[in-house]
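What follows is a short report on a single structure.
Each chain gets a letter, A, B and so on, in the order its sequence line appears, and its residues count up from 1.
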There are 2 protein chains.
Amino acid sequence: MQDMTLMRLRNWIVGSGLARGDRLPSERELGTLLGVSRAELRKALIVLEAEGGLERLVGRGTFLAKQSRPARGSGIEGVISELAESTGPIDAMNARLVLEPELAQLAALNATPAQLRELRRLSNAMRVAATWSSYEGLDSEFHEIIASAAGNSLLQALHRMLNGVRQIVVWRRLETSDPGPDPGYHSFDEHEAILSALERRDGAAASAAMRAHLQSTLAAMTTSPAG
Amino acid sequence: MQDMTLMRLRNWIVGSGLARGDRLPSERELGTLLGVSRAELRKALIVLEAEGGLERLVGRGTFLAKQSRPARGSGIEGVISELAESTGPIDAMNARLVLEPELAQLAALNATPAQLRELRRLSNAMRVAATWSSYEGLDSEFHEIIASAAGNSLLQALHRMLNGVRQIVVWRRLETSDPGPDPGYHSFDEHEAILSALERRDGAAASAAMRAHLQSTLAAMTTSPAG
DNA sequence: CGGCGCCGATTGGTTGACCATTCGGGGTGA
DNA sequence: TCACCCCGAATGGTCAACCAATCGGCGCCG
């Protein structure tokens, strides 16, 4: 399993709405926000800095890099942004519908207790998300942990690309007004159903719950063309 | 690369004569060797670990990863070769089992007559392939056309990555003796079944045929590990 | 009134001690 | 004699305190 903090930080940045060159909260604040110690957060920041995504300056703060293309990152980032330009939201959701139910099924077999605990935490956090963008970050993380729990590194990599494309596409239709999801948002209970199936190690139920979740999200996208 | 410690660590590893899987000195020793503090060394180790070059185990030590990580291109090819190193043949086949039946179902709805004709040509050509490697090329093309016929550019891109990884993995275990598939090779009829379902626009049958095809290939891989 | 400089708050960076995990060796009992 | 268990050393992981650099405001002085 990979570094959970790094994953959370990546998704927080995505959900934060920060643009290139913007300043991140201080390490101490960000650690509190993510619920991790400063040292643990620091480990993730070091990796992002080495990838070229961040710039850290003593006495000033931590900034998102100005360059869009990481010079020596994993290379997957460039492919993602490239794909995002020729992909629509509907295609992205349909691709998720193909991949993620199967990932959920595998995750039901292979998820570790730590991963299940993390999913539980995220499920609760999403219910009280104050803004849509913070919700998006948590949601991305939820699905990514399921992908990593599936135990197939290749499928996980494909899902990461897919999720990256989806995040870019979602960004495009983010409105400035951002009140956050209302308490009755359909995804809350759907996430709960997925998580419950994973905890029961019921692969078929997990797969079905994931499919239902994505289909209801897709339906919401097509009926209310907010984007 | 601006981090001097990281550079020194990389060079030390190269000059150390250590092989894959070997254990590095402890953080405290290595810090003394390189003349840096443990924290500073640790920063470099974190980066190398995130890059996949190291594995660190509490209570045991720090080890060179089994796979090396040479420099890579930045495009999709680099991502493919990167993924191929951390993916086994079984994982690759399982990923195909997730993706390709769904692609076949979509292709049954959306394939153009020209695509069906091309698939027909490939199916015939594969039956008379003189060598395994030429057969592999035709087979890759067959599956890639189905992916493109599905009509979802994102899924097609994912499949292209998947197919790239599979080709690398398959090549690895190619023997020098290469008589080509014998006339009774199971895939011939399975390809025919897929193509037939596509021509009938029968999505369910196409999906089932594709799944059966991949499963029989996976079974052949697991029973006769020679390839 | 304007420029200069100091001072403190804030930031990322560093340090040393401490914690959790793993492994192996020696003692103990069957 | 062998198996088991326990304990201590070694290892990577974590933490809280402290350091150095930076910036902004305030006051002093020209």
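Ion pair B/Lys43/B/Glu40 not flagged as a salt bridge, since none of the NZ, NE, NH1 or NH2 atoms sits closer than 4.0 Å to an Asp/Glu carboxylate oxygen. Salt-bridge check for B/Glu27 with B/Arg42: passed, with a basic side-chain N closer than 4.0 Å to an acidic carboxylate O. With respect to A/Asp189 and A/Arg127, a salt bridge is recorded, a charged nitrogen being found less than 4.0 Å from a carboxylate O.
A/Phe63 places its CZ atom 11 Å from the P atom of C/dT11, with the value rounded to the nearest Å. One atom, CD1 of A/Ile46, and another, P of D/dT14, lie 12 Å apart when rounded to the nearest Å. Computed from coordinates, the A/Glu27 CD to D/dA20 P distance equals 18 Å when rounded to whole Å. The CZ-P distance, from A/Arg23 to C/dT10, rounds to 11 Å in whole Å. Rounded to an integer number of Å, the gap from A/Leu30 CG to C/dT10 P is 18 Å. Taking atom CG of B/Leu45 as the reference point, atom P of D/dG13 lies 9 Å away to the nearest angstrom. Computed from coordinates, the A/Glu49 CD to C/dG13 C1' distance equals 11 Å when rounded to whole Å.
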At under 4.0 Å between heavy atoms, how does the protein contact nucleotides 14-25 of chain C? Give one character per nucleotide, 5' to 3', with B, S or -.
BB-BB--BBS--
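Not one side-chain nitrogen or oxygen of A/Thr62 sits closer than 4.0 Å to the OP1 or OP2 atom of C/dT11. For the OP1/OP2 pair of D/dT11 and a distance below 4.0 Å, the side-chain nitrogens and oxygens of B/Arg56 include no atom meeting the criterion.
Residue B/Glu55 places its CD atom among 12 or fewer non-hydrogen atoms of other residues, nucleotides or ligands, all under 6.0 Å distant.
Taken from CZ in B/Arg10 to CG in B/Leu48, the straight-line distance is 5.0 Å, to the nearest 0.5 Å.
B/Glu55 comes within contact range of no nucleotide atom at all, as no heavy-atom separation falls under 4.0 Å.
Judged purely by atom type and a 3.5 angstrom limit, A/Arg23 uses its side chain to pair as donor or acceptor with the backbone of A/Arg60.
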